[in-house]
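Contents: one structure, followed by commentary.
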Number of protein chains: 2
Amino acid sequence: MHKKKEFSKEDLELAKYLKALSHPARISIMKQLASSTTCFCGEIVEVLPLSQSTVSQHLKELKEAGLVKGEIEGTKVCYCIDDIEWQKAIDVISSFLNNNFHKKIECC
Amino acid sequence: MHKKKEFSKEDLELAKYLKALSHPARISIMKQLASSTTCFCGEIVEVLPLSQSTVSQHLKELKEAGLVKGEIEGTKVCYCIDDIEWQKAIDVISSFLNNNFHKKIECC
DNA sequence: TCAAATCATCGTAATATTACGATATTATAA
DNA sequence: TTATAATATCGTAATATTACGATGATTTGA
C-alpha cells in the first residue's frame, strides 16, 4: 500500500503539513501556542477534551512535522511553534490555495 | 473514540477541509481540476499512480467535503471544483494561517 | 438489442490513526 | 534519598484510511 513515492516531492510536502493540521485537537493546539496564552503541556491538556497521553501523542505528531518544538523547563515542557518551519508551511499551503487557481475555466 | 463533538465548530470545519486535502492524490486531483487540463475521471486516473477504483474513492472524499462536484457527460464523468465551497475553504484555511499568528511572543 | 466504454461500488486486506490507562522517565522539592 | 509532579512512552483496542480487483450500473455506438 501507500504508493506515495510516486507523487511529486512538492505534493508530498504539502500533504505532510496538511495532514499534521487535519485534526481538530492539533488545530486547537496550534492556536493555543500562537496566542501564547498556553504553552505548557499540562495547560494544553486542560483545554482539550482528551487525556494527557493522547495530547502528548498529538504534540509528537506536530513535532514530527516540524511545526512545533518543545523545551524542558524543570519538570514541565514548554511547547512553541517553530517559526521557520511554520512560515514554510504557510508559504507552501498558501501557494497551493492561491497560485493554482487563477484560470477558472468552467468545464461542467 | 473520536470525541470530536467537543471541539469548536470552527475547528471541526477547518479540520474537514484540511483532511480532505491531506493526501497527495487529492492534492494532485485539485491541481489538475484547477488547471483545467484534465477534468474527466479517466484522465485523472492516467496521471495518478493509482488504480481507477482508488481514484474514484479519492474523488468521492473530495465530493463529500464539498470541494468538488461531478457531472455525467455521456459515458464519462466530468469533475469540477465547486467554486463557492472552494472559496470558503480558502477563506477558512487562510484565516487560520494568517490571523492567529501575529503576536509571536517567544516563550521558549 | 448487444457490446464496449466509463465510472461507481462492493468486498476485502493491510496499515494508520485515535484514544485510553498503565507505566516509565525526569526533574524538583522535601 | 525519596516522594511528588509533569510528561513521554508502551500496550492495546476500536475505528479509519488506503488500496486493489471484481463486479455492477449506465450510456453510447454498432
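Naming convention: chains lettered A, B, ... in sequence-line order (proteins, then strands); numbering from 1 in each chain.
Going from atom CD1 of Ile27(B) over to atom C1' of dT18(D) covers 15 Å, rounded to whole Å. Here the P atom of nucleotide dT18(C) and the CG atom of Leu21(A) are 12 Å apart, to the nearest Å. One interatomic measurement links the two molecules: CD of Glu6(A) to P of dT18(D), which rounds to 16 Å at whole-angstrom precision. One can place CD of Glu46(B) at 14 Å from P of dA5(C), the figure rounded to the nearest angstrom. Taking atom CG of Leu62(B) as the reference point, atom C1' of dC7(C) lies 16 Å away to the nearest angstrom. Whole-Å rounding puts the Ile44(B) CD1 to dT6(C) P distance at 14 Å. The distance between atom CZ of Arg26(B) and atom P of dA16(D), rounded to the nearest whole Å, is 15 Å.
Nearest nucleotide to the side chain of Lys19(A), out of dC20(D), dT17(D), dA16(C): dA16(C).
Asp82(B) pairs by the side chain to side chain donor-acceptor pair (under 3.5 Å) definition with nothing, not counting sequence neighbours. Glu13(B) is linked by a side chain to side chain contact (heavy atoms under 4.5 Å, CB included) to Tyr17(B), Lys88(B), Val92(B), counting only residues two or more places apart in sequence or in another chain. Taking the side chain to side chain contact (heavy atoms under 4.5 Å, CB included) definition, one finds that Gln57(B) meets it with nothing, sequence neighbours left out. With sequence neighbours left out, Ser53(B) forms a side chain to side chain donor-acceptor pair (under 3.5 Å) with Ser51(B).
Between His58(A) and the phosphate of dC20(C), there is no side-chain N or O to OP1/OP2 separation shorter than 4.0 Å. The phosphate of dA16(C) (OP1 or OP2) has no side-chain N or O of His23(A) nearer than 4.0 angstrom.
Summary of the strand contacts: Glu61(A) and Gly74(A) both lie near DNA chain C, and taking for each the nucleotide with the nearest heavy atom, the more 5' one is attributed to Glu61(A).
Residue Ser94(A) comes nearest to Leu97(B) through the heavy atom pair OG-CD1, 3.8 Å, listed as atom of the first residue, atom of the second, then distance.
Applying the ring-ring contact (aromatic ring centres under 6.0 Å, His included) rule to pairs touching residues 49-78 of chain A yields His23(A)-His58(A), sequence neighbours excluded.
Between Asp91(A) and Gln87(A), the side chains place a donor N or O and an acceptor N or O closer than 3.5 Å (distance only, hydrogens not considered).
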*Where along nucleotides 3-9 of chain D does protein come under 4.0 Å, by heavy atom, of base (B) or sugar-phosphate alone (S), with - for untouched nucleotides?*
--BSBBB
